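Remember, it's a predicted structure, so these values are computed and weren't measured experimentally.
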Amino acid sequence: TFTVLDGEPGLQPQSPTVAAESVAVGNGATAELGLSARWLSEGLSGGTITLSFSDPAVADFTSATVNDAFGIGEASVASDGSAATVRFADLDTNVQAVLGGTDVPLATLSVRDDATGTTDVTVTVERLDDDTGATPETETDIGVLIVGPPSLTGAGAPTDLDNDGLYEDINGNGRLDYEDIQILFNRFDADSVTLNKSA
């Protein structure tokens, strides 16, 4: 049950907002991203929300699961993996008035990463009803999915240590060390490198 009766002192309620989580993951891996809502000053009785990628070549949705707090929930994924839709109803009034920007988990979506790159995770609210029976105007926050290049070693995927778009940590051990230089030198002609030159 999610119930927050008082927000922070002096904090003014805002419009309900549905937000997709941002995730970074290695190419060819799978990841989970969360979908949540906040500023639910009149609670939440149900809704229908669709997520999609701005660049569907980067990743696919593979499955979706609605939070157990809802009495009824179902999820569907488009046959080409380009979008996922979740529907839910709060039959037992588990999600009551939530003020102060507290996140209420709505669903978890699994994604498969297909290519190095970045794509927005867009949120389309088809309907979001509160406990008074109203359908308030709802804001959305996009998420970002960042897919790094695939592993050169068969172990960890490379990581971008300083978030400059370049993947210094070639062996994926969380730091820049001499082994990273050796691996890159020895595998300079590998597909993982030649197909991801910008990284």
Side-chain angles (χ1 to χ4, degrees), residues 14 17-39 49-65 67 75 77-86 101-125 138-199:
Q14 299 180 4
T17 302
V18 178
E21 184 181 15
S22 293
V23 178
V25 67
N27 187 298
T30 58
E32 289 189 345
L33 62 87
L35 178 68
S36 61
R38 62 180 72 101
W39 298 108
I49 301 166
T50 298
L51 283 80
S52 58
F53 295 120
S54 61
D55 184 354
V58 173
D60 295 322
F61 289 102
T62 58
S63 66
T65 306
N67 189 321
V77 175
S79 59
D80 62 358
S82 63
T85 300
V86 295
T102 302
D103 283 342
V104 174
L106 302 178
T108 302
L109 299 99
S110 296
V111 296
R112 180 183 61 242
D113 306 313
D114 295 332
T116 301
T118 302
T119 179
D120 291 339
V121 183
T122 60
V123 179
T124 303
V125 177
T138 304
E139 305 290 333
T140 60
D141 286 343
I142 64 170
V144 178
L145 179 66
I146 301 171
V147 182
S151 172
L152 283 112
T153 64
T159 59
D160 177 8
L161 298 174
D162 55 4
N163 296 314
D164 65 352
L166 303 176
Y167 288 73
E168 303 87 0
D169 174 23
I170 304 299
N171 59 11
N173 67 356
R175 63 181 184 276
L176 175 62
D177 51 31
Y178 184 70
E179 185 180 357
D180 296 315
I181 299 168
Q182 284 184 311
I183 292 170
L184 182 59
F185 181 80
N186 292 333
R187 304 291 311 277
F188 204 69
D189 293 328
D191 288 346
S192 296
V193 176
T194 59
L195 297 177
N196 297 284
K197 291 179 182 178
S198 64

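- Across every non-hydrogen atom of Asp113 and Ala59, the tightest pair is OD1-CB, 3.9 Å.
- In this structure, the side-chain hydrogen bond (donor to acceptor under 3.5 Å, both in side chains) partners of Thr122, at least two apart in sequence or on a different chain, are Ser52.
- Across all non-hydrogen atoms, the minimal contact from Ala20 to Val121 is CB-CG1, 3.9 Å.
- Looking only at side-chain heavy atoms (C-beta outward), Val123 and Asp141 stay at 4.5 Å or farther from each other.
- Of the inter-residue distances, the one linking Leu51 atom CG with Leu33 atom CG reads 7.0 Å to the nearest 0.5 angstrom.
- Atoms CG and CG, on Leu161 and Leu166 in that order, are 11.0 Å from each other to the nearest 0.5 Å.
- Between Gly34 and Glu21, the shortest heavy-atom distance links the atoms N-OE1, 2.6 Å.
- In this structure, Ile49 CD1 and Leu35 CG are separated by 5.0 Å, a value rounded to the nearest 0.5 Å.
- Scored by the side-chain contact (heavy atoms from CB on, under 4.5 Å) test, Thr62 finds Ser110, Arg112 as partners (sequence neighbours excluded).
- One finds the CD1 atom of Ile170 at 8.5 Å from the OG1 atom of Thr159 (value rounded to the nearest 0.5 Å).
- Side chains of Leu109 and Val77 form no contact here, defined as non-hydrogen atoms less than 4.5 Å apart.
- From Leu176, atom CG reaches atom CG of Asn171 across 9.0 Å, with rounding to the nearest 0.5 Å.
- Every residue was checked against the ring-ring contact (aromatic ring centres under 6.0 Å, His included) condition with Tyr167, not counting sequence neighbours, and none meets it.
- Annotation: salt bridge (charged side-chain N to carboxylate O under 4.0 Å, His left out) contacts involving residues 167-176, sequence neighbours excluded, comprise Arg175-Asp177.
- Minimum heavy-atom separation, Asp103 to Pro105: O-CD, 3.8 Å.
- Between Phe53 and Val58, every side-chain heavy-atom pair lies at or beyond the 4.5 Å cut-off.
- The shortest distance between side-chain heavy atoms of Val23 and Leu145 falls below 4.5 Å.
- Partners of Asp80 under the side-chain hydrogen bond (donor to acceptor under 3.5 Å, both in side chains) rule, at least two apart in sequence or in another chain, are Ser82.
- With Asp180 contributing its side chain and Leu184 its backbone, the two residues share no donor-acceptor pair below 3.5 Å.
- Here the side chain of Thr50 pairs no donor or acceptor atom with the backbone of Thr85 at under 3.5 angstrom.
- Nearest approach of Ala115 to Ala57, heavy atoms of both residues: CB-O, 3.6 Å.
- With sequence neighbours excluded, no residue satisfies salt bridge (Lys or Arg N to Asp or Glu O under 4.0 Å) with Asp55.
- Minimum interatomic distance between Val86 and Ala107 (heavy atoms only, all atoms of both residues): CG1-CB, 3.9 Å.
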